[in-house]
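I have placed the structure first, in the form of structure tokens, so that the comments after it can refer back to it.
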Protein chains: 2
Amino acid sequence: MKPMSTVPVRDRPSPTSAPEASPFRLEDFLPYRLSVTANRVSRAFARLYAERFGLTIPEWRVMAVLGTGGPMPASAIVERTAMDKVKVSRAVAALEAKGYLARRPHPEDRRSALLELGPRGRAVFEQIVPLARALEAELTAALGPQDRALLVELLARLDARLARLGALPQEVGDPG
Amino acid sequence: MKPMSTVPVRDRPSPTSAPEASPFRLEDFLPYRLSVTANRVSRAFARLYAERFGLTIPEWRVMAVLGTGGPMPASAIVERTAMDKVKVSRAVAALEAKGYLARRPHPEDRRSALLELGPRGRAVFEQIVPLARALEAELTAALGPQDRALLVELLARLDARLARLGALPQEVGDPG
DNA sequence: TGACATTGGTTTCATATGAAACATTATCCG
DNA sequence: CGGATAATGTTTCATATGAAACCAATGTCA
């Protein structure tokens, strides 16, 4: 709490209680700051994926999980990428069209399919990873390693809080 | 500058050297985490603005700057909201249509106009502010006040870094 | 078994977004 | 001045997004 005016605050003609505690500054508003920075960061990465590999962020995310995990159904990707199923569906279709990904029948559920990167997809994945890491490193050079960890930790706490504050819908943004 | 490998970086003979330093985990990737959390937060606020006031985030942002600042041209709003001019133009048009905002001729430049909230707009603004602050408080309850400040600080450093890493385009996201 | 509800994914449809093209008005400069 | 160039906003156009409707296949349970 700030001391709250000890000064004759501005003669308030209308004592309408606290119409004016402090002026609300958008630039100090956390959700605003978070959004702006996150989007700028996303832009930078999106540019990397797009310019050098012709991938969108959703596509990259799908590759990122398939690149390390074994064959898995789309639902697993939905969980691991925080993207809704529509986005995943489209990203998978795009990757398949590019010849980076293959579907094979799911042995236990004919509605689904197991997804996995093909050789070409895996090659691209392995090219991207070091570049993505490098860009991340360049970015987090602004923070020390422990501040980077701290940032992730703070974000996680916000996530947890949000989860508690009412089970929100599902997904969310673009970047990644 | 970082020490940067003291090793002869470039020519990696390519004994497939480090194809596998560590498995790349999307969930540990900072831009991903940042994006996911920021988008979730934005969703929560967007819901507030939309459900109770029928406003989008861009609209709210415009109101937020006009709510405290005096009459100003759209260009000033572009600067203060980190939104591109198209988004601002549309948000202003929408607010005008809702009767929350008025334009008056700019005395020195006929291409522009001075924007300001009308009485109805100001009333809405004053209703939103406490609610937005309350939601922010609920959210940041997950962090202490100093951690909240720290988070903002870390985000600012990332911003600064990004600015240095190549003058990126302009705008960015949705939330706020 | 045979509805009926559920789940995995895809498609539809309406909206949001932003790059690029525009129309206007200002500014610069020769 | 008078034309070229830049700046302010708006509009156009193609793409991205997601809620809701859908399709197909499973599960439930009476």
Side-chain angles (χ1 to χ4, degrees), chain A residues 35-36 39-40 42-43 46-47 49-51 54-62 71-97 101 103-115 168-176, chain B residues 35-36 39-40 42-43 46-47 49-51 54-62 71-97 101 103-115 168-176:
Chain A
S35 167
V36 169
N39 281 303
R40 284 183 177 147
S42 288
R43 284 270 171 119
R47 180 183 295 186
Y49 307 143
E51 287 181 356
L55 295 173
T56 63
I57 284 181
E59 284 160 30
W60 148 250
R61 284 190 186 176
V62 169
M72 62 182 84
S75 58
I77 296 180
V78 167
E79 290 166 5
R80 288 180 173 69
T81 59
M83 300 193 293
D84 67 67
K85 61 183 184 176
V86 176
K87 225 183 224 176
V88 169
S89 173
R90 295 202 257 240
V92 166
L95 290 174
E96 189 179 24
L101 171 157
R103 305 162 114 107
R104 57 164 138 149
H106 184 127
E108 289 153 18
D109 191 333
R110 283 185 300 168
R111 293 168 300 182
S112 184
L114 293 180
L115 308 171
L168 304 178
Q170 170 85 246
E171 125 89 349
V172 142
D174 30 59
Chain B
S35 169
V36 169
N39 281 304
R40 284 183 178 148
S42 287
R43 284 271 171 119
R47 179 183 295 185
Y49 307 143
E51 287 181 354
L55 295 174
T56 63
I57 284 180
E59 285 160 30
W60 148 250
R61 284 189 185 176
V62 169
M72 63 182 84
S75 58
I77 296 179
V78 167
E79 289 166 5
R80 289 178 173 70
T81 59
M83 300 193 293
D84 68 66
K85 61 184 183 175
V86 176
K87 225 182 226 176
V88 169
S89 174
R90 295 201 256 240
V92 166
L95 290 174
E96 190 179 22
L101 170 157
R103 304 162 115 108
R104 56 162 137 151
H106 183 127
E108 288 153 19
D109 191 333
R110 283 187 301 169
R111 292 168 302 181
S112 185
L114 294 180
L115 308 171
L168 305 178
Q170 171 85 246
E171 126 89 348
V172 143
D174 31 61

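Predicted, not measured: the structure shown is a model, and the values here were computed from it. Sequence lines set the chain letters: A, B, ... in the order given, protein chains first and strands last, and positions in each chain run from 1.
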Residue from I57(A), V78(A), I77(A) passing side-chain contact (heavy atoms from CB on, under 4.5 Å) with V62(A): I77(A)
OP1 or OP2 of dA16(D) under 4.0 Å from side-chain N/O of K87(A): no
Whole angstrom value for the distance that separates C1' of dT15(D) from CD of E59(A): 13 Å
Distance below 4.0 Å between R90(A) side-chain N/O and dT12(C) OP1 or OP2: no
Intermediate values then yes/no, side-chain contact (heavy atoms from CB on, under 4.5 Å), R61(B) and K87(B): CA-CA 11 Å; R61(B) 284 189 185 176; K87(B) 225 182 226 176; 6.0 Å; no
Length of the line joining I57(B):CD1 and dA16(C):C1', which is rounded to integer Å: 12 Å
Least distance between heavy atoms, A82(B) atom then V36(A) atom: CB-CG2, 3.9 Å
M83(B) side, atom CE; K85(B) side, atom NZ - distance, nearest 0.5 Å: 14.5 Å
Phosphate contact (dA7(D) OP1 or OP2) by S75(B) side-chain N/O below 4.0 Å: no
Atom-to-atom span, CG of L115(B) to P of dT8(D) - whole angstrom: 14 Å
L115(B)/E96(B) under side-chain contact (heavy atoms from CB on, under 4.5 Å): CA gap, chis, key distance, verdict: CA-CA 10 Å; L115(B) 308 171; E96(B) 190 179 22; over 6 Å; no
Phosphate OP1/OP2 of dG27(D): any R110(A) side-chain N/O under 4.0 Å: no
R103(B) side-chain N/O to dT8(D) phosphate OP1/OP2 under 4.0 Å: no
Separation of dG9(C) C1' from E96(A) CD (nearest whole Å): 13 Å
Closest nucleotide among dG9(C), dG9(D), dG18(D) to the D84(A) side chain: dG18(D)
Whole angstrom value for the distance that separates P of dA16(C) from CG of N39(A): 17 Å
Spacing between H106(A) atom NE2 and dG9(C) atom P, to the nearest angstrom: 9 Å
5′-ward residue of the pair T56(A)/E108(A) relative to DNA chain D: T56(A)
Presence of S89(B) side-chain N/O under 4.0 Å of dG9(D) phosphate oxygens OP1/OP2: no
Most 5' of R111(A) and V86(A) on DNA chain C, judged by nearest nucleotide: R111(A)
For atom NZ of K85(B) and atom P of dG18(C), their distance in whole Å: 14 Å
Residue A74(A), side-chain heavy atoms: nucleotide from dA19(D), dG9(C), dT17(C) that is nearest: dG9(C)
Minimum-distance nucleotide (side-chain atoms of D109(B) versus dG18(D), dT25(C), dG9(C)): dT25(C)
